[in-house]
Amino acid sequence: MTGKIKNTLALQRGASRAIHPLFLERWSPRSFSERAVPQADIDRMLEAARFAPSWYNVQPWRFAVSHRGDDNWDEVVSLFDELNAVWAPSASALVFLASDTVVSWRDDREDQAASYNSFDAGAAWAQFALQATEMGYFTHAVAGLKHDEARAVLSIPARYKLEIAIVLGHRSAPERLPDYLQEREKPSSRLALEEIAGRGRFI
């Protein structure tokens, strides 16, 4: 999409404070086209994710990238649950994100169970998504997956937790979606700042 269209979407969301437009331009559509996303572009998104902050810098995130046309594409798109299988397979690229549930220290300390792996993976996803937005792409994080089947198809080691699949690509016409999803094909609103943050205490 052009910058002009993206700026229009940003204005529609209406931030209550001055923030970078990139945060408003990032939203999660469901109508994607089959137009290819070059691996070099995905590598830039992964590079942004690589620099996410993490507890003790353990960097627990791991990614698996699949492109339409790959030998295992049909298996990969079969990993979405019934609700997401309606639209997610239309994209040209899928990126699965897992996190390491075990901390393996880089010194002689014994391994220990991770406490913040999902939190840190969320930070990596956010940076991936914002970099994609900056490059003119769209993303949609999907948790509704067939997790057991995904472990086999994606060869996910037992110590890793599958967090999400990232549907990645170019937007397509909302009319490609079922009627009940077409009406949702727009940036969503957010709770007011006063509803989520208190001074010195929780709301």
With heavy-atom distances below 4.5 Å as the criterion, would you say the side chains of [X] and [Y] are in contact?
{"X": "Arg26", "Y": "Ser28", "result": "yes"}
{"X": "Leu193", "Y": "Arg17", "result": "yes"}
{"X": "Ile203", "Y": "Ile196", "result": "no"}

(message) Applying the side-chain contact (heavy atoms from CB on, under 4.5 Å) criterion to Leu94, which one of Val65, Val77, Ile166, Leu168 satisfies it?
(response)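 Only one of Val65, Val77, Ile166, Leu168 forms a side-chain contact (heavy atoms from CB on, under 4.5 Å) with Leu94, namely Val77.
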(message) Working note: Arg44 + Glu47, criterion salt bridge (Lys or Arg N to Asp or Glu O under 4.0 Å); need CA distance, chi angles, decisive distance, verdict.
(response) CA-CA 5 Å; Arg44 289 180 60 192; Glu47 184 72 1; over 6 Å; no
Without swapping roles, check the side chain of [X] against the backbone of [Y] for a donor-acceptor pair under 3.5 Å.
{"X": "His140", "Y": "Pro29", "value": "yes"}
{"X": "Glu149", "Y": "Lys146", "value": "no"}
{"X": "Arg151", "Y": "Pro157", "value": "yes"}
{"X": "Arg30", "Y": "Ala88", "value": "no"}
{"X": "Ser92", "Y": "Arg35", "value": "yes"}
{"X": "Gln182", "Y": "Leu177", "value": "yes"}

Report whether [X] and [Y] are members of the same hydrophobic cluster (ILVMFWY, side-chain heavy atoms less than 4.5 Å apart, transitive linking).
{"X": "Leu97", "Y": "Tyr116", "answer": "no"}
{"X": "Val102", "Y": "Trp55", "answer": "no"}
{"X": "Phe128", "Y": "Phe51", "answer": "no"}
{"X": "Leu83", "Y": "Phe80", "answer": "no"}
{"X": "Tyr160", "Y": "Leu79", "answer": "yes"}

When rounded to the nearest 0.5 angstrom, what is the spacing between [atom1] in [X] and [atom2] in [Y]?
{"X": "Gln127", "Y": "Trp125", "atom1": "CD", "atom2": "CH2", "answer": "12.0 Å"}
{"X": "Phe119", "Y": "Ser54", "atom1": "CZ", "atom2": "OG", "answer": "10.5 Å"}
{"X": "Ser104", "Y": "Gln112", "atom1": "OG", "atom2": "CD", "answer": "9.5 Å"}
{"X": "Glu25", "Y": "His20", "atom1": "CD", "atom2": "NE2", "answer": "8.0 Å"}
{"X": "Ser78", "Y": "Asn72", "atom1": "OG", "atom2": "CG", "answer": "9.5 Å"}

(request) Please state whether the rings of Phe32 and Trp87 are parallel, tilted or perpendicular, taking 30° and 60° as the class boundaries. (result)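 Phe32 vs Trp87 ring planes: parallel.
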(request) Taking all non-hydrogen atoms of both residues into account, name the closest pair between Ala124 and Phe63 and its distance. (result)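 Looks like CB-CZ, 4.2 Å.
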(request) For ring pair (Phe, Tyr, Trp, His ring centres under 6.0 Å), just list the numbers for Tyr137 and His170, CA-CA rounded to whole Å, side-chain angles, deciding distance to a tenth of an Å, and then say yes or no. (result) CA-CA 6 Å; Tyr137 293 104; His170 302 268; 4.9 Å; yes
(message) Taking atom CG as the centre, does Asn57 end up with more than 12 heavy-atom neighbours from other residues, nucleotides or ligands that are less than 6.0 angstrom away?
(response)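 Above 12, so yes.
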(message) Would you say CD of Glu110 has more than 12 non-hydrogen atoms from neighbouring residues, nucleotides or ligands within 6.0 angstrom?
(response)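 No, the 6.0 Å shell around CD holds no more than 12 heavy atoms from other groups.
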(message) Which residue is it: Asn117, Thr101, Asp100, Asp111? I am looking for the one with a side-chain hydrogen bond (donor to acceptor under 3.5 Å, both in side chains) to Arg159.
(response)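 The single option meeting the side-chain hydrogen bond (donor to acceptor under 3.5 Å, both in side chains) with Arg159 is Asp100.
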(request) Please test Glu194 against Arg199 for salt bridge (Lys or Arg N to Asp or Glu O under 4.0 Å), starting from the C-alpha separation and ending with a verdict. (result) CA-CA 10 Å; Glu194 294 74 18; Arg199 183 165 181 171; over 6 Å; no
(message) Between Ser118 and Glu163, do the side chains contain a donor N or O and an acceptor N or O under 3.5 Å apart?
(response)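 Yes.
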